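One structure is given here, and the rest of the page talks about it.
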There are 2 protein chains.
Amino acid sequence: MPKSNRGMNKAELFDQIKQKSSFLCVGLDTDLTKIPQHLRKNSDPLFEFNKQIIDATADLAIAYKPNIAFYEALGPKGWESLQKTLEYIPNDIFTIADAKRGDIGNTSSLYAKAFFETMDFDSITVAPYMGVDSVKPFLTFEGKWVILLALTSNEGSLDFQLIASKSGKPLFQEVLEKSQLWGNTDNMMYVVGATRGEKIAEVRQIVPEHFFLVPGVGAQGGSLEEVAKFGMNATCGLLVNSSRGIIYASQEKDFAAAAKVEAMKLQQEMSELLDKYCY
Amino acid sequence: MPKSNRGMNKAELFDQIKQKSSFLCVGLDTDLTKIPQHLRKNSDPLFEFNKQIIDATADLAIAYKPNIAFYEALGPKGWESLQKTLEYIPNDIFTIADAKRGDIGNTSSLYAKAFFETMDFDSITVAPYMGVDSVKPFLTFEGKWVILLALTSNEGSLDFQLIASKSGKPLFQEVLEKSQLWGNTDNMMYVVGATRGEKIAEVRQIVPEHFFLVPGVGAQGGSLEEVAKFGMNATCGLLVNSSRGIIYASQEKDFAAAAKVEAMKLQQEMSELLDKYCY
C-alpha cells in the first residue's frame with residue numbers, strides 16, 4: 001500500500017478543532033453551472049473554483065467534503081479535477097469523499113482502494129444496507145475513516161430509517177448499535193441529519209463517543225445551536241457541513257471573499273458553541 | 001438531454017430473451033491483476049479484455065454489467081476504459097452500471113446524469129437506505145432503469161435487510177412494497193440474491209411482475225435451477241449474472257474462447273429452464 005500523507009485520529013481531529021475554534025466542514029458541491037461565469041473558460045474550472053475556495057477558508061475549516069457525484073457527472077475530466085482538489089487541500093485538514101459507496105466485500109475493497117489509495121482521502125461516506133462485509137473493507141486501511149449513514153436529513157429518511165423493528169428500535173438505531181462493533185471511535189463516524197434536535201440527542205445517547213458528520217445546516221435547514229446543544233460531547237464530536245451557503249455566497253468575481261465571510265460567521269458561532277457546550 | 005442510443009422496455013427485454021433463449025448477464029468485474037499476462041502491456045488492458053469477452057459472448061448474453069468499483073479504483077483512466085467498453089456493447093444488449101449509488105435528491109440527479117447522460121447506460125443499481133428522494137431522480141430519465149437493492153446474497157444481508165418491523169415485515173419487504181409506488185415494471189428492477197430459493201419465492205410473491213437481477217449464481221454459490229423454479233414469471237423476469245465464472249474461466253491466451261464455453265453452458269441451461277418454467 002502506498003504511504004499516505006494524510007491520517008488523523010480522533011485526538012488529532014479535536015486538536016485541530018481547538019486550534020481553529022471551529023468544527024466547520026466545507027462541502028465542495030462544485031457545479032459547473034453555478035460557479036462564476038469568468039471561471040468557466042478556465043482549462044479546469046472546477047479545480048480553479050475549489051482552489052480559491054480553499055485558499056479563502058482553510059484557516060476556518062476543519063474538513064473539506066467534495067460531493068463525488070458532482071465530479072463523476074463530468075466523466076474522466078471530473079475525476080482529474082477531484083484529484084487535483086484533494087492534493088491542494090493542506091494535509092492537516094480532514095478530507096471526506098462524500099460518495100455513499102457500499103457493496104459486497106471484494107467490491108467494497110476496490111472502492112476503498114479508489115478513495116484511500118488511488119486518491120488519498122482521510123474518509124469516505126458509506127451506506128449500510130448491505131451490512132458488515134460491505135463496510136469492513138473500508139476499515140482495514142490504517143488512519144482512514146468510514147462515515148456511515150445512520151439518520152439522514154432528507155424527506156426519504158422517513159421511508160426506512162425510522163421503521164421500528166419488533167424490538168421497538170428504529171432501523172437507524174440498529175445500524176448504530178451493530179456498526180459500533182465493526183469499528184472504533186478512531187476510524188468510524190456517523191452521518192446524522194441536523195433537522196431535528198431531539199433526534200440528535202437520541203443518536204448521541206446511543207453513540208456517546210463517536211464523531212458525527214452533520215449535513216443539514218444551511219440549505220437543508222437545521223439550526224447550529226440545536227446541533228451543538230444536543231450533539232456535542234467532550235471532544236466536540238461534531239463536524240458540521242455547509243456547502244451551498246458558503247461556496248455560492250456570491251456568483252460573481254468576489255465569490256471567494258464572500259465564501260470567507262460566510263465561513264467566518266459560522267466559525268464565530270461555532271467558537272461560542274464550543275465555549276458553551278464543550279470546553 | 002442528449003438523445004440516448006439505448007433504451008429498452010420490459011417487452012423488448014423479453015423479446016431479446018426469447019431470441020437468444022438466454023437470460024444471462026455477464027459481469028464485467030475486470031481486474032488488472034486477474035486478466036491474462038499478455039494483455040497487461042496493452043495501452044488499455046481493461047478495454048481490450050472486455051472487448052474480447054464481449055465479442056465472444058454477445059450472442060449468448062442479454063446484458064452486460066460492469067462493476068463500477070473495478071474501474072473507479074484506477075482513477076480517470078479506469079473511467080475511460082469503462083466508457084469505451086460501454087460504447088462497444090451492441091445497442092440491443094441491456095447495460096447495467098453496477099454502482100450502488102444513492103444520495104439526497106440533487107446529488108442522485110447528478111449520479112443519474114453521470115451514468116445516463118455522460119455515459120449511456122440503460123440502468124444503474126441503487127441503494128435504498130435514503131428513501132424516496134434518493135431513488136426518484138434516476139426514474140425521470142426516459143427509457144432508463146433503476147435496479148434497486150432489495151435482498152442481497154452476501155453475509156451482511158442478515159444485518160439489516162432481514163430485520164422484522166413491528167408489523168412483521170422484514171426490511172427488504174418494506175423496500176419492495178414502498179418502491180413499487182415510485183416506478184413501474186418498465187423502469188424498475190430489483191437485486192435479489194440467489195442463495196436461498198425459498199427467499200426468491202417470497203420476493204416473487206411480493207413483486208410478481210418486475211424483473212430481478214440475480215447476482216449470486218456461480219462464485220457466490222446459488223443454483224440456477226432454484227432461481228428459475230422460484231423466480232421466473234411469464235416474461236422470464238430474471239437476469240442472472242455470472243462474472244468470475246465466465247470472464248476468468250481461463251487466465252491464458254484462450255480466455256475469450258474459455259469464456260464463450262462457460263457462457264454457452266449457462267445459456268443452454270437457461271434455454272431448458274425457459275422451456276420448463278416460462279413459455
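Keep in mind it's a predicted model, so treat the numbers as computed, not measured. Throughout, a chain's letter reflects where its sequence line sits, starting with A, and its residues are numbered from 1.
A salt bridge does not link B/E72 with A/K113: every distance from a Lys NZ or Arg NE/NH1/NH2 to an Asp or Glu carboxylate oxygen is 4.0 Å or more.
A distance of 7.5 Å separates CD in A/E155 from NZ in B/K136, rounded to the nearest 0.5 Å. Atom CD1 of A/I68 and atom CG of B/D103 lie 10.5 Å apart (nearest 0.5 Å). Note that the CZ atom of B/F160 and the CZ atom of A/F172 stand 13.0 Å from one another [nearest 0.5 Å]. With values rounded to the nearest 0.5 angstrom, B/S153 atom OG is found 6.5 Å from A/I104 atom CD1. With values rounded to the nearest 0.5 angstrom, A/N67 atom CG is found 7.0 Å from B/N106 atom CG. Expressed to the nearest 0.5 Å, how far OH of B/Y129 lies from CG of A/L171 amounts to 4.5 Å.
Looking at A/T118, its side chain does come within 3.5 Å of a backbone N or O of B/A73 through a donor-acceptor pair. The closest donor-acceptor contact from the side chain of B/K100 to the backbone of A/R101 lies at 3.5 Å or more, if one exists at all. The closest donor-acceptor contact from the side chain of A/N154 to the backbone of B/D133 lies at 3.5 Å or more, if one exists at all.
Most heavy-atom pairs under 4.5 Å with chain A: of the set B/S157, B/A114, B/G105, this distinction falls to B/A114. The greatest number of non-hydrogen atom pairs below 4.5 Å with chain B, out of A/G131, A/G156, A/G75, is found for A/G156. When each of B/P128, B/S109, B/A99, B/A127 is scored by its heavy-atom pairs under 4.5 Å with chain A, the top score falls to B/P128.
The contact between B/T107 and chain A is made by backbone and side chain atoms together, counting heavy-atom distances below 4.5 Å. Residue contact with chain A, scored on non-hydrogen atoms closer than 4.5 Å, involves the side chain of B/F115 exclusively. Residue contact with chain B, scored on non-hydrogen atoms closer than 4.5 Å, is absent for A/P170. In this structure, no portion of B/V135 lies under 4.5 Å from any heavy atom of chain A.
Listed in order of number, the residues of residues 161-169 of chain B that approach chain A to under 4.5 Å between heavy atoms are B/Q161, B/I163, B/A164, B/S165, B/K166, B/G168.
The heavy-atom pair separating B/D98 from A/Y111 by the smallest distance is O-OH, 3.9 Å.
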